[in-house]
Protein chains: 2
Amino acid sequence: MRSISEQSTPARIRDAAIRAFARDGYQATIRAIAAEAGVAPGLVIHHFGSKDDLRELCDAHVTTLLLDEKTQGAATIASIADHFVGEDSPPLIDYVRRMLNSDSPAATALFDRLTEATRRMLRDQQAAGRIREDVDVEALAPLLTLYGLAPVAMPALLARATGRETVDATALEAASAAMLPLLSGGLYGDTSQ
Amino acid sequence: MRSISEQSTPARIRDAAIRAFARDGYQATIRAIAAEAGVAPGLVIHHFGSKDDLRELCDAHVTTLLLDEKTQGAATIASIADHFVGEDSPPLIDYVRRMLNSDSPAATALFDRLTEATRRMLRDQQAAGRIREDVDVEALAPLLTLYGLAPVAMPALLARATGRETVDATALEAASAAMLPLLSGGLYGDTSQ
DNA sequence: CTTCGGATTGAACGCATGTTTAAACTATAG
DNA sequence: CTATAGTTTAAACATGCGTTCAATCCGAAG
């Protein structure tokens, strides 16, 4: 009764849960998730065991989407923004926002991966001579990653800071575009290089 | 039966609510708040009307504590950290963290006040010649404020980034201390000035 | 002392939640 | 066709929640 192009019922429930968690946080009710997936509440438990198990699976799935799909070595924060454009898939930016504020293991795991990518980028820049030799890029990487996540963690404040109504991928890119040259050249130093 | 030095029952409930919200988020139950304040659950409603009203009052109170008490013109992010040292008062850092991730009006209000302070600081720095004249400090202020809030919004990631177990005021200061000179001098420009 | 209004309590109410359960449905294998 | 195992549903269950309510306590006013 289900064509091959459609996804399986567990996958549909999983995506509905990701949308619901992104929209309403973990307070999203199982009944709401079930309704969004077009199934009975009991079926959610039957397939995933419990709400906590469902959440862990959603965390893992979103992390996989963000890291494995297109970021083989380029998992910068900017690359994450690309995932927030398509409306077909769940709105991952809001889900990541919830993750970043939940102290879940998935959040630190994602942070570690992003830090690793930032560290590689900084190494390359320093090797290319665009970062002074006395800068400790190893210690700087996690801090820069943390600060770079601010627009993702607080999109409402980003909208206020940039005078926009909504926050989309272009807003995230604009924020990075405004900060990166300052980091590179500094507020005082020359920008010739 | 209550000495003058002790605070009134509503104030005790309010502080208990701030501690509970900071610790458990808005999911903190009225029963837990009442127990922490040493009163019956019904008394919380009697004094504050509803849980939502209590939350709004807590938001306003925390904002007042942060802005009015000691930040007459110096409400920088660093100054907020000073409020997180004393264990006598509620742990405001966690409460602010919840606020920043709640899209509440109080969050944007606090952000606006912090942005204003950042703007003043940038103007002074530019007037003193420590910021190039072509830097648009008016547009930079809200962005810098947003990024500066990252350690407050994601203390667990800050701990991971700095290799610490716990996040206290010194951790926040260390993060700022590591980033500010980079912003000033840039990753490539000289740091002579 | 008596009275009266607010403070306070403990119990109850109504409701939403996550989960369980038994039954009905469906597809596949023999 | 029949049997069987997995899928799905609707209803019920148990619990915790915010809130209400009637009764009690207590201090100040008369």
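Chain A is the first sequence line, chain B the second, and so forth, proteins listed ahead of strands; every chain is numbered from 1.
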Residues of residues 51-59 of chain B with a heavy atom under 4.0 Å from any atom of DNA chain D, listed by number, are B/Lys51
Could you check which of D/dT19, C/dT9, C/dG18 has an atom nearest any side-chain atom of A/Arg31?
C/dG18
Nearest-Å distance, CD1 (B/Ile13) to P (C/dA7)?
11 Å
Can you see if the side chain of A/His47 gets near the phosphate of D/dT8 - specifically, an N or O under 4.0 Å from OP1 or OP2?
yes
Rounding to an integer number of Å, can you tell me how far A/Phe48 CZ sits from C/dG18 P?
15 Å
Choosing from D/dT20, C/dT9, D/dT8, which nucleotide comes nearest the side chain of B/Ala40?
C/dT9
Tell me, do A/Glu36 and A/Arg23 make a side-chain contact under 4.5 Å, heavy atoms counted?
yes
Just do the side-chain contact (heavy atoms from CB on, under 4.5 Å) check on A/Leu149 and A/Leu114 with the steps written out, would you?
CA-CA 10 Å; A/Leu149 284 174; A/Leu114 291 175; 4.0 Å; yes
Under 6.0 Å from the ring centre and within 45 degrees of the ring axis: does the NZ or CZ of A/Arg55 meet both conditions for the six-membered ring of A/Tyr26?
yes
Donor-acceptor pair between A/Arg130 and A/Gln125 side chains, under 3.5 angstrom:
yes
Tell me which of A/Val39 and B/Ile45 sits closer to the 5' end of DNA chain D, going by the nucleotide each one is nearest to.
A/Val39
Find the distance A/Leu43:CG to C/dT26:P and express it as a whole number of Å.
15 Å
Quick one: B/Gln27 CD to C/dG18 C1', roughly how many Å, whole number?
16 Å
Protein-nucleotide distance (B/His46, atom NE2; D/dC25, atom C1'), rounded to Å
13 Å
State, yes or no, whether a side-chain contact exists between B/Ile33 and B/Leu54 at a heavy-atom distance under 4.5 Å.
yes
With a 4.0 Å cutoff (strictly under), does any side-chain N or O of B/Thr29 reach OP1 or OP2 of D/dG16?
no
note: B/Ile33, atom CD1; D/dT19, atom C1'; distance rounded to Å ~ 14 Å
With the side chain of A/Ile30 defined as its heavy atoms from C-beta on, choose the nearest nucleotide among D/dT8, C/dT19, C/dT8.
C/dT19
Tell me, do B/Thr29 and B/Lys51 make a side-chain contact under 4.5 Å, heavy atoms counted?
no
For the pair B/Thr170 and B/Arg164, evaluate side-chain contact (heavy atoms from CB on, under 4.5 Å) and give the outcome as yes or no after the intermediate values.
CA-CA 11 Å; B/Thr170 66; B/Arg164 296 162 186 255; 3.3 Å; yes
Return no unless some side-chain N or O of A/Thr9 is found under 4.0 Å from OP1 or OP2 of D/dT7.
no
